[in-house]
Amino acid sequence: MRPSVTGFDVYDIRFPTSEQLDGSDAMNPDPDYSAAYVVLRTDGPARTEGHGFVFTIGRGNDVTAAAIEALRPYVVGRPAPRSAADLAALHHDLTHDSQLRWLGPEKGVTHMAAGAVVNAAWDLAATAAGLPVWEFLAAMTPEELVSLVDFRYLTDVLTRQEALDLLRAAEPGRAERARLLRAEGYPAYTTSPGWLGYDDAKLVRLAKEAVADGFAQIKLKVGADLDDDVRRLRLARAAVGPGVRIAVDANQRWDVPDALRWMAALAPYAPHWIEEPTSPDDILGHAAVRAGQPVKVATGEHVANRVVFKQLLQAGAVDFVQIDAARVSGVNENLAILLLAAKYGVPVCPHAGGVGLCELVQHLAMFDYVAVSGTREDRVIEYVDHLHEHFTDPAVIEGGRYRAPRAPGFSARMRPESIAAHRYPDGPVWLARRPAQEVIS
């Protein structure tokens with residue numbers, strides 16, 4: 001008899017990364033990397049599990065966990081998803097509840113919560129199939145893949161037939177690209193040297209180490225002080241030389257005129273892209289930044305749904321699409337975004353870092369290479385060397401490239417001891433900090 005989902009456990013997991021200023025940037029000076037984390041458990045002899053999460057930076061993680069909990073009735077008692085049809089139906093049910101959808105619609109905490117559950121379901125299904133998610137996806141037919149996508153609001157630029165044509169065109173080379181991926185990995189870049197809270201000596205040291213480790217691109221946070229940013233970018237360029245790409249990331253700090261002024265000052269140091277120069281919702285603002293200065297534009301980690309991505313591409317507002325595995329409604333909506341990017345011929349360079357985002361998004365980029373875009377040209381996945389030790393199948397970097405995951409699932413499973421230690425507010429890590437917090441308050 002087919003197993004059903006019988007368990008639905010939600011955890012508020014937080015890591016005190018603000019103490020070392022890891023993750024600090026111009027908009028987010030004190031992040032505590034966190035995960036509103038869900039585990040789906042099944043009955044039957046196999047008793048498989050599916051793990052998923054929403055990434056946050058601390059306060060509000062409990063709100064996101066509560067939103068995930070609100071989706072319990074749609075999952076518990078349901079047959080464990082195994083096929084594209086099962087995963088499409090679950091995605092539809094989680095994103096089309098009319099009352100929950102009202103809170104978005106299709107954006108914000110409720111939409112991200114749906115993504116956490118959708119991703120957990122993909123982890124569950126791929127684990128049962130004995131495949132990593134990237135291979136599980138890449139083994140599906142074009143027809144199955146198209147069935148996963150909600151095309152509502154997209155058909156003015158991407159129809160089902162056009163999506164089918166894109167996927168069918170990429171189908172003949174799938175096996176060879178999968179072989180190359182296993183042998184060569186996928187290009188990565190690192191943000192680890194560039195956090196805004198790091199001093200100049202640490203920036204230079206980490207930038208040199210990144211190049212020595214094989215990275216051909218690094219990223220610096222910018223946006224708080226122009227003179228500081230010019231100095232830091234000058235130091236980074238001197239440290240890595242002219243042959244290494246340096247992206248810069250403003251984390252939504254600027255109005256459009258500020259972005260134009262700032263990037264004109266940074267342009268002599270050849271930044272590869274400016275990331276999130278202004279509000280993630282401002283499509284025309286991104287288009288103006290792209291048209292008004294010489295540096296290419298990237299955005300996407302805070303883009304709420306496929307519709308905003310569609311408009312960014314329609315408006316010619318981006319040079320690089322940055323999908324995020326835990327911002328939109330999971331694998332299904334990210335597939336829609338990958339197809340939109342392929343239609344417009346815009347490279348996808350996923351956002352990662354955080355806690356667990358590297359683990360998740362590597363699967364989406366690798367699937368894109370194998371079954372959608374068919375290329376790794378001008379494409380990189382972000383990498384940050386924080387918190388991977390808390391996962392049972394952590395992302396692995398060799399020579400500046402992601403190694404293709406081989407373990408079944410979505411690489412999302414957090415170690416039980418890490419969950420126990422970092423549960424907020426009553427895990428040992430947080431109990432040890434409670435007196436200091438109470439003194440501050």
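Worth saying up front: this structure is predicted, and the values here are computed from it rather than measured. Scope of the values below: all heavy atoms of this structure, side chains included, with no hydrogens, waters or symmetry mates.
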Visitor: Take L71 and V38 through the side chain to side chain contact (heavy atoms under 4.5 Å, CB included) test and state the conclusion after the steps.
Guide: CA-CA 11 Å; L71 298 173; V38 60; over 6 Å; no
Visitor: Between R168 and E171, is there a side-chain N and carboxylate O pair less than 4.0 Å apart?
Guide: no
Visitor: CZ/R261 to CG/D255 distance, rounded to the nearest 0.5 angstrom?
Guide: 10.5 Å
Visitor: So, does N119 use its side chain to make a donor-acceptor pair with the main chain of V331 at under 3.5 Å?
Guide: yes
Visitor: To the nearest 0.5 Å, what is the distance between OG on S418 and CZ on R423?
Guide: 13.5 Å
Visitor: Between N61 (side chain) and A35 (backbone), is there a donor-acceptor pair under 3.5 Å?
Guide: yes
Visitor: Atom CG of L360 and atom CG of D324: how far apart are they, to the nearest 0.5 Å?
Guide: 9.0 Å
Visitor: Indicate yes or no: at least one non-hydrogen side-chain atom of Y383 is less than 4.5 angstrom from one of H388.
Guide: yes
Visitor: Under the salt bridge (charged side-chain N to carboxylate O under 4.0 Å, His left out) rule, what do E135 and R406 come out as? Steps first, then yes or no, please.
Guide: CA-CA 9 Å; E135 285 194 68; R406 294 181 180 271; over 6 Å; no
Visitor: Kindly indicate, with the supporting measurements, whether the criterion side chain to side chain contact (heavy atoms under 4.5 Å, CB included) is fulfilled by E382 and C349.
Guide: CA-CA 7 Å; E382 185 173 19; C349 297; over 6 Å; no
Visitor: Within the structure provided, determine whether R379 and P187 are in side-chain contact (heavy-atom separation under 4.5 Å).
Guide: no
Visitor: Under 6.0 Å from the ring centre and within 45 degrees of the ring axis: does the NZ or CZ of R14 meet both conditions for the six-membered ring of Y424?
Guide: yes
Visitor: Are more than 12 heavy atoms from other residues, nucleotides or ligands located less than 6.0 Å from atom CZ of R59?
Guide: no
Visitor: For R41 and R47, indicate whether the former's side chain and the latter's backbone hold a donor-acceptor pair under 3.5 Å.
Guide: no
Visitor: Is there a donor-acceptor pair closer than 3.5 Å between any side-chain N or O of E184 and the backbone N or O of L181?
Guide: no
Visitor: Taking all atoms of both residues into account, what is the closest heavy-atom pair of H91 and V118, and its distance?
Guide: CD2-CG2, 3.9 Å
Visitor: Going by distance alone, is a donor N or O of one side chain under 3.5 Å from an acceptor N or O of the other, for H111 and T95?
Guide: no
Visitor: Are more than 12 heavy atoms from other residues, nucleotides or ligands located less than 6.0 Å from atom CD of E377?
Guide: no
Visitor: In Å and rounded to the nearest 0.5 Å, what is the CG to CG distance from D249 to L220?
Guide: 10.0 Å
Visitor: Step through the shown structure and confirm whether more than 12 heavy atoms of other residues, nucleotides or ligands are within 6.0 Å of CZ on R403.
Guide: no
Visitor: Within this structure, what is the CZ-OG1 distance for the pair R78 and T42, rounded to the nearest 0.5 Å?
Guide: 15.0 Å
Visitor: Could you go through Y33 and F55, starting from their C-alpha distance and side-chain angles, then the distance that decides it, and tell me whether this counts as ring-ring contact (aromatic ring centres under 6.0 Å, His included)?
Guide: CA-CA 7 Å; Y33 282 174; F55 170 66; 5.2 Å; yes
Visitor: Does R376 count as lying over the ring of Y369, i.e. NZ or CZ under 6.0 Å from the six-ring centre, within 45 degrees of the axis?
Guide: yes
Visitor: When the ring planes of F53 and Y37 are compared, do they come out parallel, tilted or perpendicular, using 30° and 60° as the limits?
Guide: parallel
Visitor: Taking the side chain as every heavy atom from C-beta outward, state whether D319 and R290 have any atom pair closer than 4.5 Å.
Guide: yes
Visitor: What's the verdict on side chain to side chain contact (heavy atoms under 4.5 Å, CB included) for H96 and R152, showing C-alpha distance, side-chain angles and the deciding distance?
Guide: CA-CA 12 Å; H96 282 67; R152 183 166 55 180; 3.1 Å; yes
Visitor: Are F410 and H51 an aromatic pair by the rule of ring centers under 6.0 Å?
Guide: no
Visitor: Donor-acceptor check, side chain of D229 to backbone of G223, threshold 3.5 angstrom: yes or no?
Guide: yes
Visitor: Within a reach of under 6.0 Å around CD of E143, are more than 12 heavy atoms found that belong to other residues, nucleotides or ligands?
Guide: yes
Visitor: Between the main-chain N or O of V384 and the side-chain N or O of S192, is there a donor-acceptor pair closer than 3.5 Å?
Guide: no
Visitor: One pair to check against salt bridge (charged side-chain N to carboxylate O under 4.0 Å, His left out): R72 and E69. What are the steps and the verdict?
Guide: CA-CA 5 Å; R72 174 188 293 271; E69 181 64 44; 2.5 Å; yes
Visitor: Please name the pair of heavy atoms, one in I283 and one in A315, separated by the smallest distance, quoted to 0.1 Å.
Guide: CG2-CB, 3.6 Å
Visitor: For H351 together with H302, are the ring centres under 6.0 Å from each other?
Guide: no
Visitor: For the residue pair A317 and A287, what are the closest heavy atoms and their distance?
Guide: CB-N, 3.6 Å
Visitor: Checking the side chain of H363 only, and the main-chain atoms of W134 only, is there a donor and an acceptor separated by less than 3.5 Å?
Guide: yes
Visitor: Taking the side chain as every heavy atom from C-beta outward, state whether L339 and L167 have any pair of such atoms under 4.5 Å apart.
Guide: yes
Visitor: Yes or no on side chain to side chain donor-acceptor pair (under 3.5 Å) for D368 and S373, after CA distance, side-chain angles and deciding distance?
Guide: CA-CA 6 Å; D368 175 66; S373 70; 2.9 Å; yes
Visitor: Give the minimum heavy-atom separation between V370 and A138, together with the two atoms involved.
Guide: CG1-CB, 3.8 Å
Visitor: Examine the side chains of K310 and Y153 and answer whether a donor and an acceptor come within less than 3.5 Å of each other.
Guide: no
Visitor: Looking only at non-hydrogen atoms, find the nearest pair between S34 and V355 and report the distance.
Guide: O-CG1, 3.4 Å
Visitor: Looking at Q99, I'd like to know if its CD atom is crowded, meaning that more than 12 non-hydrogen atoms belonging to other residues, nucleotides or ligands lie closer than 6.0 Å.
Guide: no
Visitor: Are W273 and F320 an aromatic pair by the rule of ring centers under 6.0 Å?
Guide: yes
Visitor: Between D97 and W102, is any side-chain donor less than 3.5 angstrom from a side-chain acceptor?
Guide: no
Visitor: Could you state the interatomic distance from CG (D282) to OG1 (T299), rounded to the nearest 0.5 Å?
Guide: 10.0 Å
Visitor: Measure from the side-chain N and O atoms of N251 to the backbone N and O of R253, and report whether any donor-acceptor pair falls under 3.5 Å.
Guide: no
Visitor: Looking at H286 and S279, what are the two nearest heavy atoms and their distance?
Guide: CE1-O, 3.1 Å
Visitor: Among P271, P294, P277, which residue satisfies the side-chain contact (heavy atoms from CB on, under 4.5 Å) criterion with M263?
Guide: P271
Visitor: Side chains of I323 and E301: does their closest heavy-atom pair fall under 4.5 Å?
Guide: no
Visitor: If you define the side chain from C-beta out and look only at heavy atoms, does anything of I13 sit under 4.5 Å from M414?
Guide: yes
Visitor: Is there a donor-acceptor pair closer than 3.5 Å between any side-chain N or O of S147 and the backbone N or O of L145?
Guide: no
Visitor: Are the side chain of R177 and the backbone N or O of F367 linked by a donor-acceptor pair below 3.5 Å?
Guide: no
Visitor: Less than 4.5 Å apart, side chain to side chain, heavy atoms only: is that true for V117 and Y74?
Guide: no
Visitor: Under a 4.5 Å cut-off applied to non-hydrogen side-chain atoms, are V157 and Q314 in contact?
Guide: yes
Visitor: With a 3.5 Å cut-off and no angle check, do the side chains of D43 and S4 form a donor-acceptor pair?
Guide: no
Visitor: Hey, mind stepping through F136 and D123 against side chain to side chain contact (heavy atoms under 4.5 Å, CB included) and telling me if it holds?
Guide: CA-CA 10 Å; F136 184 60; D123 182 55; over 6 Å; no
Visitor: Does a donor on one side chain sit under 3.5 Å from an acceptor on the other, for H386 and T17?
Guide: no
